[in-house]
Amino acid sequence: MTAAYTLYAKPGFTATTIERLCSEARISNRAFYECFGGREELLQALHERCVEESLAVVAKAVQEAPKTLDDRVKAGIRAYVDFTTADWRRARIMHVEVRRSGDVLTLSRQRAVDAFARLVEEASADFPQAAGLNRRLVALGVIGALQELLIEWLHSDEQPPIDELADVAVHIFIRSLGAP
């Protein structure tokens with residue numbers, strides 16, 4: 001899994017063969033297939049691990065934050081951005097390779113988005129929703145915005161500072177969730 005964590009992040013999932021994975025991990029092809037049915041299954045396991053760890057970090061930050069919408073949003077966004085960007089491989093797997101892998105991670109990605117949307121909905125449930133908008137759709141929209149900001153951070157020749165990225169995400173979330 002360690003070899004895949006690096007190789008799936010760069011050069012990427014589509015460019016990484018079983019042979020290359022096994023060579024990097026110093027295991028035989030047979031040993032690989034004793035653990036995984038294929039490289040797709042390994043990618044799914046990596047993606048799901050990244051998502052689970054991220055959800056735990058964000059949920060803890062939101063739970064420990066003061067009970068205002070601003071504080072919950074700031075804590076959750078900051079925790080997510082810091083955790084995701086702390087390791088570029090995690091950021092690439094969660095935000096780039098998940099899309100490049102085609103149908104391999106469609107269901108896994110949808111489960112991840114749904115889990116994060118529920119977290120946003122729960123964290124904002126005690127507060128009035130802006131203009132009576134559907135809270136779930138707003139949650140999906142702000143999650144999409146955060147994903148695009150992280151993709152920009154990954155692909156940009158001059159990466160925006162993490163603090164700026166987090167501040168923009170907080171602004172989008174707070175405004176979208178109805179805070180003044």
Working to the nearest 0.5 angstrom, can you tell me the gap between Tyr80 OH and Leu150 CG? 6.0 Å

Give the minimum heavy-atom separation between Tyr5 and Leu46, together with the two atoms involved. N-CD1, 3.7 Å

Please list, chain by chain and in numerical order, all residues satisfying side-chain hydrogen bond (donor to acceptor under 3.5 Å, both in side chains) with Arg78, sequence neighbours excluded. Asp82, Asp163

Heavy-atom side-chain proximity of Val81 to Leu149 below 4.5 angstrom: no

Side chain proximity check, Val113 to Leu140, heavy atoms < 4.5 angstrom: yes

Looking at Asp126, I'd like to know if its CG atom is crowded, meaning that more than 12 non-hydrogen atoms belonging to other residues, nucleotides or ligands lie closer than 6.0 Å. yes

Residues Arg136 and Ala117: closest non-hydrogen pair is NH1-CB, 3.3 Å

Does a donor on one side chain and an acceptor on the other come within less than 3.5 Å for Arg89 and Thr6? yes

Going by heavy atoms in the side chains, are Gln159 and Leu165 under 4.5 Å from each other? no

Just to verify, what does Asp167 make a side-chain hydrogen bond (donor to acceptor under 3.5 Å, both in side chains) with, not counting sequence neighbours? none

Rounded distance [0.5 Å steps], CG in Asp87 versus CD1 in Ile93: 8.0 Å

Using 4.0 Å as the upper bound for N to carboxylate O, is an ion pair formed by Arg30 and Glu34? yes

Straight-line distance of Gln147 CD to Arg109 CZ, nearest 0.5 Å: 5.0 Å

Under-4.0 Å salt bridge between Asp71 and Lys67: no

How about His95 and Trp153: do any of their side-chain heavy atoms sit closer than 4.5 Å? no

Same cluster or not: are Met94 and Val57 linked, directly or through other Ile, Leu, Val, Met, Phe, Trp or Tyr residues, by side-chain heavy atoms under 4.5 angstrom apart? no

Taking the side chain as every heavy atom from C-beta outward, state whether Leu21 and Tyr8 have any atom pair closer than 4.5 Å. yes

Evaluate the side chain to side chain donor-acceptor pair (under 3.5 Å) criterion for residues Ser124 and Arg135: first the C-alpha distance (whole Å), next the side-chain angles of each, then the deciding distance (0.1 Å), finally the verdict. CA-CA 9 Å; Ser124 64; Arg135 191 178 302 273; 3.1 Å; yes

With sequence neighbours left out, which residue pairs that include part of residues 39-64 fulfil the side chain to side chain donor-acceptor pair (under 3.5 Å) condition? Gln44-Glu48, His47-Ser108, Glu48-Arg111

Given side chains that start at C-beta, do those of Phe36 and Met1 come closer than 4.5 Å, heavy atoms only? yes

In terms of heavy-atom contacts, does NZ of Lys10 have more than 12 from other residues, nucleotides or ligands at under 6.0 Å? no

Spacing of CH2 belonging to Trp88 relative to CG belonging to Leu154, to within rounding of 0.5 Å: 9.5 Å

Between the side chain of Thr16 and the main-chain N/O of Leu7, is any donor-acceptor distance below 3.5 Å? yes

Between His155 and Val96, is any pair of side-chain heavy atoms under 4.5 Å apart? yes

Do you know which two heavy atoms are closest between Ala59 and Leu119, and how far apart they sit? CB-CD1, 3.7 Å

Any sub-3.5 Å donor-acceptor pair from Ser101's side-chain atoms to Val98's backbone N or O? yes

Rounding to 0.5 Å, atoms CG (Leu177) and CD1 (Ile172) come to a distance of 11.5 Å

Could you see if Val120 belongs to whatever hydrophobic cluster contains Phe83? Use Ile, Leu, Val, Met, Phe, Trp, Tyr and a side-chain cutoff under 4.5 Å. no

Taken to the nearest 0.5 Å, the spacing of Ile143 CD1 from Ser176 OG works out to 11.5 Å

Hey, does the side chain of Glu97 reach the backbone of Arg92 with a donor-acceptor pair shorter than 3.5 angstrom? no

Give the cluster check for Val58 versus Ile162: same hydrophobic cluster or not, with ILVMFWY residues linked at side-chain heavy-atom distances below 4.5 Å. yes

Which atom of Cys22 lies closest to which atom of Ser28, heavy atoms considered: SG-O, 3.7 Å

